[in-house]
Protein chains: 2
Amino acid sequence: MPQRGEDEDMAGAGGGGQTTVMRFRDGILNLVAERGLKAGDKIPTEAELKAHLGGSRPTIREALKLLEQAGILSVEHGRGRFLTAAGTLHVARSITHFESITEMAGHFGYSYENRVLGFSEETPDKAVRAALKLAPGETIIRLERLRLHERKPLIYCLAMIRRSLISDPIYEVDWSGSLNAVLERYGHAPRMSTAEARAEMLPESAISRHGLADFGPAFLIDETVFTRSGEPIMFASDWYKGSHFAFNFARK
Amino acid sequence: MPQRGEDEDMAGAGGGGQTTVMRFRDGILNLVAERGLKAGDKIPTEAELKAHLGGSRPTIREALKLLEQAGILSVEHGRGRFLTAAGTLHVARSITHFESITEMAGHFGYSYENRVLGFSEETPDKAVRAALKLAPGETIIRLERLRLHERKPLIYCLAMIRRSLISDPIYEVDWSGSLNAVLERYGHAPRMSTAEARAEMLPESAISRHGLADFGPAFLIDETVFTRSGEPIMFASDWYKGSHFAFNFARK
DNA sequence: GGCCATCAACTTGTCAGACAACATGGCCGC
DNA sequence: GCGGCCATGTTGTCTGACAAGTTGATGGCC
């Protein structure tokens with residue numbers, strides 16, 4: 001018998017993955033779900049999985065290794081594999097999932113007006129230069145915006161974007177839409193970030209200049225945003241109105 | 001040649017893991033570090049890794065699968081494996097790592113006084129009952145505490161603990177130490193949680209009753225805490241003084 | 001000389017069978 | 001009845017092989 005190969009239809013078959021290993025990973029999860037196994041339960045042995053899913057033991061084992069690394073399974077040599085409880089921690093929209101503010105809007109059920117408060121080309125301060133690994137002399141675009149829902153301000157946004165990424169004059173760019181879309185158009189799609197969160201009041205300057213005295217305590221997220229290839233794009237600070245936003249995550 | 005087995009000293013050798021696969025996983029990371037490979041770079045082929053690390057191809061491949069699942073490597077059939085940028089996102093103390101407040105204290109460089117403001121046995125409200133999956137009639141222990149550093153209040157803590165977990169009268173328990181240690185002593189060590197974070201001012205009742213008017217905006221973390229086996233233990237709300245705490249995480 | 005098809009080499013994906021090491025429970029002897 | 005021994009089950013590792021995608025070189029054709 002040839003070793004797989006005979007194009008195996010299964011193309012377009014619901015979910016699955018490209019490689020056999022990925023299909024087995026999903027197959028194992030399905031099997032667990034079908035049998036109603038819970039945290040701590042023993043899952044079928046490699047031999048049983050092989051009988052159910054086909055394939056060879058190394059392939060099955062690679063699929064199992066994926067699930068182990070994902071924290072869904074734990075192994076005990078000579079005893080078997082067991083469902084961990086960590087795998088059952090379900091978090092709705094984890095803060096660790098990268099998404100633009102515009103994408104997040106839908107999740108919270110808000111539709112935003114996006115008001116541009118100002119934009120300018122500036123010299124970065126030390127912190128921003130370090131975060132974005134800017135060369136001496138490189139400048140940034142400082143973009144100040146406000147997101148409103150039904151005329152009430154909900155998010156105050158400050159972005160420091162590497163000037164060199166935008167090949168056009170900054171006044172020709174439409175800053176009132178999704179910033180991610182703008183950056184993607186210039187070939188620098190944001191894909192991930194390192195972030196720091198804290199609770200504070202809005203900066204004095206923002207309160208006084210834009211009439212935000214009623215904003216109340218804010219959930220501030222400072223992010224250094226990168227492309228898929230790890231190139232730093234911008235440093236963003238977003239103050240979310242505390243009374244309107246909450247963020248989920250799992251800890252383990 | 002026997003297939004491994006000859007006890008291979010290597011015990012206590014720096015890091016490493018128990019199994020060969022774990023050692024190879026670390027070995028690959030070390031190799032990458034030594035050679036100064038960066039995001040997007042091609043890592044050595046399976047054959048080269050085998051030559052460097054020893055072992056067999058299936059074992060090497062299982063180690064690689066771990067790194068792929070961890071998001072550190074990506075594969076392209078026929079081309080090779082490449083370092084992803086996501087793997088280079090380093091976060092100091094991620095908020096997604098479960099730890100007790102006492103443990104966190106050290107990280108922030110604070111040493112705390114732990115003041116018990118009150119404890120009592122109560123009937124849970126609907127939200128807590130749902131989060132802890134309490135049976136009708138089950139009660140909770142409500143524990144209210146304050147962490148101070150140099151006499152200044154930094155964290156206001158409210159915990160709702162399943163009464164049935166503590167087999168002693170609640171007034172015989174020392175609540176002034178680590179809550180995790182107490183629960184561990186009764187065989188219910190906290191290990192993970194689902195959490196929600198937001199920014200808000202302290203509850204009115206806490207401000208007025210405990211003189212916390214100067215606390216300012218707080219970073220509130222609501223957590224449902226579980227044991228390793230997934231059993232819900234308690235529902236904790238911790239208000240961190242916004243001016244003193246920031247929390248890190250990666251988004252991808 | 002330039003272009004394209006073919007092919008060899010490299011690399012990852014999968015398969016088969018085997019032995020090693022750890023865990024468990026039953027069997028047997030005492 | 002009890003404890004040690006051993007068969008069995010399960011995961012860990014090794015060897016060798018073929019399948020399939022990618023890349024670059026080769027060589028023929030125009």
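Within every chain, numbering begins at 1; the chains are lettered A, B, ... in the order of the sequence lines, protein sequences first and strands thereafter.
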Can a side chain N or O of T20(B) be found less than 4.0 Å away from OP1 or OP2 on dG12(D)? no

Can you check the K42(B) NZ to dT22(D) C1' distance for me, whole Å? 11 Å

Mind calculating the distance between CG (L73(A)) and C1' (dT10(D)) to the nearest angstrom? 15 Å

Please give, in whole Å, the distance from dT11(D) P to H77(A) NE2? 9 Å

Check the distance between dG12(D)'s C1' and K65(A)'s NZ and give it to me in whole angstrom. 8 Å

Side chain of T19(A) (C-beta onward), nearest among dA23(C), dG12(D), dG13(C): dG13(C)

Rounding to an integer number of Å, can you tell me how far E46(A) CD sits from dA16(C) P? 15 Å

Which class fits the ring pair F119(B) and W175(B): parallel under 30°, tilted 30 to 60°, perpendicular over 60°? tilted

Determine: side-chain N/O of R79(B) to OP1/OP2 of dT23(D), distance under 4.0 Å, yes or no. yes

Rounded to whole Å, CZ of R23(A) lies from C1' of dT14(C) at a distance of 11 Å

Measure CZ/R61(B) against C1'/dT11(C) and give the value in whole Å, please. 10 Å

Go through the steps for E46(B) and R81(B) under the test salt bridge (Lys or Arg N to Asp or Glu O under 4.0 Å), then give the verdict. CA-CA 9 Å; E46(B) 296 176 2; R81(B) 285 187 173 81; 2.9 Å; yes

OP1 or OP2 of dC15(C) under 4.0 Å from side-chain N/O of T59(A): yes

Given I233(B), which of N180(B), L179(B), T227(B), T224(B) fulfils the side chain to side chain contact (heavy atoms under 4.5 Å, CB included) condition? T227(B)

P58(A) has a side chain; which of dC15(C), dG12(D), dT11(C) sits nearest to it? dC15(C)

Rounded to whole angstroms, how far apart are CZ on R57(B) and C1' on dT11(C)? 8 Å

